[in-house]
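Have a look at the structure below, then the notes.
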Amino acid sequence: MYKILYISNFLENSGWGNVSLNNILALDSTGIDLVLRPISFGEQVKKVTPRITELMNKDIDNIDVCILHTLPTLYSFSGAYTKNIGFYEAETNDYSSSLWPKYCNLMDCVWVPSELNRKQAQVSGVTVPISVVNHCIEWDKYQNFEKTADVDELKDGYNFCFVGELSKRKNITAILRAFHTEFHPSENVNLLLKINKPGFSGPECLKLFNESHGAIKAGLKLRKKYKEPIVIAEYLSYINLLSIMSQCHCFVSASYGESWCQPALDSLAMGLNLLYTEGTGTDEFAQVHGAQPIKSHKTPCFGAVETLLEIYSGYDSWKEIDIESLMFGMRNMYEQRNNQDRKKIAESVRCFDYKEIGRQMLNAIYE
């Protein structure tokens with residue numbers, strides 16, 4: 001049996017940190033000999049289980065396979081291992097203008113979470129073998145979690161929600177434009193936004209959002225008074241986040257690019273409907289009951305100035321959601337609100353349970 005060394009930022013409370021921790025649990029469920037070593041990008045550290053601590057304390061003698069689940073620019077090949085695997089995500093259609101393909105080609109093979117990512121890697125010049133290894137969820141958790149948090153404003157109306165970073169790529173602007181244009185304040189519809197911004201406190205993040213939202217409302221010129229979204233910018237524990245998301249009915253993702261979008265999968269596992277940008281990595285798991293892709297078109301990247309210098313330049317491209325189609329999708333979800341079958345929606349993504357993905361990971365290792 002192989003001894004696997006898994007290196008990632010699994011201790012951090014971030015998108016990459018959360019999905020890498022889930023994949024670690026998936027791999028550990030197979031019974032393989034697994035060793036963990038964390039890296040850090042300065043994000044908030046989460047609490048971990050005794051099992052994760054145990055895996056971190058194991059020695060790194062006689063390692064057979066090293067999985068580097070991090071940015072390609074941090075990849076390093078070691079002849080001491082039988083196999084060096086790079087595991088990464090990409091949100092643009094072509095990143096050949098960056099050094100990512102060069103670093104990927106140092107590895108024996110690379111893993112990506114979606115079939116779209118595989119195609120993007122091939123177009124960008126990655127020539128080593130590429131395997132699709134999906135991200136995952138602990139499916140049972142979403143069916144049996146304790147509801148620990150309530151939001152009074154969500155108790156009566158139909159509730160759309162978004163969870164993610166306040167960034168150009170996540171395109172919260174499109175969600176706000178569609179919501180304010182499609183729904184009058186007199187309609188019993190709400191929009192919940194759980195946002196964060198790396199390096200910013202909750203109040204600082206909220207201040208940035210309010211400034212941007214004010215400009216959006218002024219630019220729309222629809223009315224003097226708008227229905228304000230419910231915005232949560234402070235840190236929430238995992239269980240409190242699930243509690244609040246479960247009070248909603250439809251998750252909305254208008255991202256320019258997505259490799260996967262874990263909160264969207266979380267929402268489906270709880271039985272929420274899903275609206276998302278067509279042609280992104282979300283397609284990998286959203287071809288299911290309750291999910292609706294929204295028309296998009298390819299466009300050069302622009303405005304992602306707070307990201308790594310080597311990606312999201314004007315030489316790259318990503319998908320831009322069609323706002324009128326998003327408006328129609330939101331209206332359709334609202335009108336069909338009495339037909340929502342939460343149990344059927346949740347069941348449709350059971351195949352992404354961590355035990356299933358663990359077997360997928362093991363197969364990819366032994367290929």
Side-chain angles (χ1 to χ4, degrees), residues 4 6 8-32 34-36 38 43-56 67 69 87 89 111 113-114 132-149 161 163-164 194 235-248 251 253 258-274 281-282 284-286 288-291 342-365:
I4 313 294
Y6 200 111
S8 76
N9 62 328
F10 57 88
L11 291 180
E12 295 189 330
N13 189 44
S14 64
W16 278 59
N18 293 336
V19 296
S20 62
L21 181 59
N22 284 342
N23 283 78
I24 285 168
L25 295 174
L27 196 53
D28 188 43
S29 73
T30 67
I32 202 165
L34 182 62
V35 182
L36 305 181
E43 298 291 336
Q44 185 176 21
V45 175
K46 63 165 73 78
K47 292 181 180 179
V48 294
T49 63
R51 176 57 178 166
I52 296 298
T53 302
E54 179 185 347
L55 295 176
M56 289 171 58
I67 301 173
H69 190 168
F87 195 178
E89 304 183 25
W111 291 357
S114 65
V132 175
V133 175
N134 298 143
H135 292 321
C136 58
I137 51 176
E138 289 189 73
W139 189 84
D140 286 340
K141 271 190 177 181
Y142 296 87
Q143 319 312 312
N144 302 293
F145 64 88
E146 181 183 359
K147 294 187 177 180
T148 57
C161 69
V163 177
K194 169 61 185 81
Y235 170 76
L236 290 178
S237 68
Y238 177 70
I239 191 65
N240 283 345
L241 177 60
L242 293 187
S243 296
I244 291 174
M245 288 178 67
S246 71
Q247 298 167 55
C248 298
F251 188 94
S253 172
E258 283 290 356
S259 175
W260 182 259
C261 194
Q262 191 70 15
L265 179 59
D266 295 340
S267 68
L268 288 172
M270 286 187 287
L272 276 67
N273 287 123
L274 171 64
T282 307
E284 186 81 6
F285 59 82
V288 297
H289 180 78
R342 290 200 176 221
K343 187 175 181 179
K344 186 175 181 180
I345 294 171
E347 193 66 36
S348 66
V349 293
R350 191 170 191 164
C351 58
F352 294 99
D353 180 66
Y354 73 108
K355 292 181 181 178
E356 294 290 333
I357 301 305
R359 287 188 281 271
Q360 185 186 104
M361 297 176 79
L362 208 56
N363 288 337
I365 289 171

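Worth knowing before you read on, the calculation uses all heavy atoms, side chains too, and leaves out hydrogens, waters and symmetry mates.
With His135 as the fixed residue, the side chain to side chain contact (heavy atoms under 4.5 Å, CB included) test singles out one of Asn22, Asn23, Leu265: Asn23.
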Q: Output, in order, the C-alpha distance, side-chain angles, deciding distance and verdict of side chain to side chain contact (heavy atoms under 4.5 Å, CB included) for Lys355 and Thr30.
A: CA-CA 7 Å; Lys355 292 181 181 178; Thr30 67; over 6 Å; no

Q: Check step by step if side chain to side chain contact (heavy atoms under 4.5 Å, CB included) holds for Asp266 and Leu241.
A: CA-CA 10 Å; Asp266 295 340; Leu241 177 60; 6.0 Å; no

Q: Test Tyr142 against Asp353 for side chain to side chain contact (heavy atoms under 4.5 Å, CB included), laying out the working first.
A: CA-CA 11 Å; Tyr142 296 87; Asp353 180 66; over 6 Å; no

(Q) Applying side chain to side chain contact (heavy atoms under 4.5 Å, CB included) to Met361 and Trp111, what does each step give before you reach the verdict? (A) CA-CA 9 Å; Met361 297 176 79; Trp111 291 357; 3.8 Å; yes

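At least one side-chain heavy atom of Asn13 sits less than 4.5 Å from a side-chain heavy atom of Tyr235. Between Asn18 and Lys46, the closest side-chain pair of non-hydrogen atoms falls below 4.5 Å. When side chains are defined from C-beta on, Leu236 counts as touching Lys194, because their heavy atoms get closer than 4.5 Å. A heavy-atom distance below 4.5 Å is found between the side chains of Met56 and Leu36. In this structure the side chain of Ser8 never reaches within 4.5 angstrom of the side chain of Phe87, judged on heavy atoms. Between Thr53 and Val48, the closest side-chain pair of non-hydrogen atoms falls below 4.5 Å.
The minimum heavy-atom distance linking Phe251 with Val163 is given by the pair CE1-N, 3.4 Å. Residue His289 comes nearest to Ser348 through the heavy atom pair O-OG, 3.9 Å, listed as atom of the first residue, atom of the second, then distance. In terms of heavy atoms, Tyr6 sits closest to Ser20 at OH-O, 4.1 Å. When all heavy atoms of Trp139 and Ala269 are compared, the closest pair comes out as CD1-CB, 4.5 Å. Residues Pro263 and Met245 approach most closely at O-CE, 3.8 Å, considering heavy atoms. The shortest non-hydrogen separation linking Glu89 to Trp16 is N-CH2, 3.7 Å.
Note: Ile137 CD1 to Lys141 NZ = 11.0 Å, rounded to the nearest 0.5 Å. Remark: Ile357 CD1 to Leu27 CG distance equals 12.0 Å, nearest 0.5 Å. To the nearest 0.5 angstrom, Leu21 atom CG is 10.0 Å from Asn9 atom CG. Rounding to the nearest 0.5 Å places CG of Asn273 at 12.0 Å from SG of Cys248. Atom CD in Gln143 sits 7.5 Å away from atom CZ in Arg350 (nearest 0.5 Å). We find the CG-CG distance between Leu274 and Leu268 to be 5.0 Å, quoted to the nearest 0.5 Å.
Side-chain atoms of Asn134 come within 3.5 Å of backbone atoms of Pro113 as a donor-acceptor pair (strictly under, hydrogens ignored). A side-chain donor-acceptor contact under 3.5 Å links Gln262 to the backbone of Cys136. The backbone N or O of Ser14 lies less than 3.5 Å from no partner atom in the side chain of Glu43, so there is not a single donor-acceptor pair. With hydrogens and angles disregarded, a donor-acceptor distance shorter than 3.5 Å links the side chain of Ser243 to the backbone of Thr148. No donor-acceptor distance shorter than 3.5 angstrom exists from the side chain of Asp28 to the backbone of Ile24, with no hydrogens or angles considered.
Glu347 and Lys344 are not joined by a salt bridge, as no carboxylate oxygen comes within less than 4.0 angstrom of a charged side-chain nitrogen.
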